[in-house]
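Notes follow once the structure below has been shown.
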Amino acid sequence: MPANRFSIVITAYNQREFIRDAIDSALAQTVSAKEVIVVDDASGDGTAQILREYGDAIRLAHLEENCGAIGARNHGASLATGDYIVFLDGDDAFMPWALEFYEKIIEERNPMLILGRRLWIKGAIPPVTDAILPTKVELVDYDSPMSKDRPVGLSASTFIVDRKAFQDAGGWTPGIFYQDIPDIVTKLGYSGRLIVVDLPFTVFYRVHSGNSIHSVLPFVKTVHALLESERAGRYPGGRAHRFERYAWLGGVVFFWTKAGLKAGCYKDSLRLAGSGFPMILAGIARRLAVRLKGRRPVESIDFKYENRAACTVANGEQFS
């Protein structure tokens, strides 16, 4: 294993209430070949003081001006030295086996990108019980992200990417925060192998009042930026792979059109549906073809987490 297999990039803006959970869960990972980079995006709520308490255990980058999650992630990634970058939002936390599991996948499959699975929670990080301890692994192995043939929940905290591929793709695109994952996945569309994880969960995804997911309209509006990037030829693959990209983007358009209509954003949702109608048609055609041909099969591999001591939760909040 290299000196740093993983660079964990944690970003935080005014997350004094949650940031200890994120950092403690990163430091508690049993894989030793890692570095923990924490980017404080000019917090004003005392987050910076908490971060300084960790001393040399983390590599702290303090931004003088707030530049948003995209800028903070890109800054953290620019400091990374590991083979793979593992992003974690400051209000989420790793499960104890996360990096050990990612390492097993990397050793066996050598993927360019891993899309993990999150467990949605409210409030404090819960104790790790037998119900979520890894007893089996279920995953789908694709030649590239654009060959993915099933839906998957997307989150920056379950995004594990080859550092060189990420850099070659230009990193996170400024101005596309609300559709950041669909955009970066499209930019990495033909850069290498994709592993989609169905089990086990690897991240606690915390739902609270500050989550961006509570505002549907910005997500609906930002899909237009993806469509513009496609029409301007900024995504890889060229004309030969246009249908695949259209089908992938069609899924994004359809999902947020439906979510927007449900939230009462009728004008913007219908406008999105009209603008992305060719992509929706491609997505429907792709789904019909997949139904006839069958999806890429789900594989099972052996993985059992033995370090039960690391699953202890101190005071019901922090990993020991």
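In what follows, residues are counted from 1 in the order of the sequence shown. Since this is a predicted model, take the numbers as computed values, not measurements. The figures here come from the full heavy-atom set of this structure, side chains too, leaving out hydrogens, waters and symmetry mates.
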Taking the side chain as C-beta and beyond, is there a heavy-atom pair between [X] and [Y] under 4.5 Å?
{"X": "Val38", "Y": "Arg59", "result": "no"}
{"X": "Leu226", "Y": "Val252", "result": "yes"}
{"X": "Arg234", "Y": "Glu228", "result": "yes"}
{"X": "Ser7", "Y": "Val86", "result": "no"}
{"X": "Leu199", "Y": "Val197", "result": "no"}
{"X": "Glu17", "Y": "Asp91", "result": "no"}
{"X": "Phe18", "Y": "His208", "result": "yes"}
{"X": "Ile160", "Y": "Leu113", "result": "no"}

Between [X] (side chain) and [Y] (backbone), is there a donor-acceptor pair under 3.5 Å?
{"X": "Asn66", "Y": "Asp41", "result": "yes"}
{"X": "Ser157", "Y": "Leu88", "result": "no"}
{"X": "Arg245", "Y": "Gly238", "result": "yes"}
{"X": "Ser25", "Y": "Phe94", "result": "yes"}

Do [X] and [Y] sit within salt-bridge range, that is, some charged N less than 4.0 Å from a carboxylate O?
{"X": "Asp180", "Y": "Arg73", "answer": "yes"}
{"X": "Glu108", "Y": "Lys104", "answer": "yes"}
{"X": "Glu138", "Y": "Lys136", "answer": "yes"}
{"X": "Asp143", "Y": "Arg193", "answer": "no"}
{"X": "Glu53", "Y": "Arg20", "answer": "yes"}
{"X": "Asp83", "Y": "Arg5", "answer": "yes"}

No-hydrogen, no-angle side-chain donor-acceptor test under 3.5 Å, [X] and [Y]:
{"X": "Tyr190", "Y": "Glu244", "answer": "yes"}
{"X": "Trp97", "Y": "Thr202", "answer": "no"}
{"X": "Thr30", "Y": "Glu100", "answer": "yes"}
{"X": "Tyr205", "Y": "Asp89", "answer": "no"}
{"X": "Thr81", "Y": "Asn4", "answer": "yes"}
{"X": "Arg271", "Y": "His224", "answer": "yes"}

*Give the C-alpha distance, both sets of side-chain angles, the deciding distance and a yes or no for salt bridge (charged side-chain N to carboxylate O under 4.0 Å, His left out) between Asp21 and Arg206.*
CA-CA 11 Å; Asp21 286 339; Arg206 196 192 312 260; 2.9 Å; yes
*Would Tyr235 and His241 count as a ring pair (Phe, Tyr, Trp, His ring centres under 6.0 Å) if you check the C-alpha gap in whole Å, the side-chain angles of each, and the deciding distance to 0.1 Å?*
CA-CA 10 Å; Tyr235 290 136; His241 295 283; over 10 Å; no
*Would Leu99 end up clustered with Ile105 when hydrophobic side chains under 4.5 Å apart are linked, directly or stepwise?*
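Per the 4.5 Å side-chain linkage, Leu99 and Ile105 are co-clustered.
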Aromatic contact, [X] with [Y] (centres under 6.0 Å):
{"X": "Phe159", "Y": "Trp172", "answer": "yes"}
{"X": "Phe87", "Y": "Phe166", "answer": "yes"}
{"X": "Phe101", "Y": "Phe303", "answer": "yes"}

Counting heavy atoms not belonging to [X], are there more than 12 under 6.0 Å from its [atom1]?
{"X": "Phe243", "atom1": "CZ", "value": "yes"}
{"X": "Gln49", "atom1": "CD", "value": "yes"}
{"X": "Arg231", "atom1": "CZ", "value": "yes"}
{"X": "Arg286", "atom1": "CZ", "value": "yes"}

For [X] and [Y], which heavy atoms make the closest approach, and how far apart are they?
{"X": "Phe204", "Y": "Pro126", "value": "CE2-CG, 3.6 Å"}
{"X": "Gly260", "Y": "Val220", "value": "CA-CG2, 4.0 Å"}
{"X": "Ser43", "Y": "Asn14", "value": "OG-N, 2.8 Å"}
{"X": "Leu188", "Y": "Ala165", "value": "CD2-O, 3.5 Å"}
{"X": "Ile8", "Y": "Ala26", "value": "CD1-CB, 3.9 Å"}
{"X": "Ala12", "Y": "Ile19", "value": "CB-CD1, 3.6 Å"}

*Would Thr47 and Asp40 satisfy side-chain hydrogen bond (donor to acceptor under 3.5 Å, both in side chains), going step by step from the backbone distance to the final call?*
CA-CA 8 Å; Thr47 296; Asp40 174 31; 5.4 Å; no
[atom1]-[atom2] distance between [X] and [Y], expressed to the nearest 0.5 angstrom:
{"X": "Leu249", "Y": "Asp183", "atom1": "CG", "atom2": "CG", "value": "9.5 Å"}
{"X": "Asp198", "Y": "Leu139", "atom1": "CG", "atom2": "CG", "value": "9.0 Å"}
{"X": "Gln29", "Y": "Glu103", "atom1": "CD", "atom2": "CD", "value": "12.0 Å"}
{"X": "His75", "Y": "Leu79", "atom1": "NE2", "atom2": "CG", "value": "4.5 Å"}

*Using ring-ring contact (aromatic ring centres under 6.0 Å, His included) as the criterion, list what pairs up with Phe219, not counting sequence neighbours.*
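Tyr178, Trp256.
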_Pair listing, salt bridge (charged side-chain N to carboxylate O under 4.0 Å, His left out) test, anchored in residues 289-302, at least two apart_ =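 Found Arg109-Glu299.
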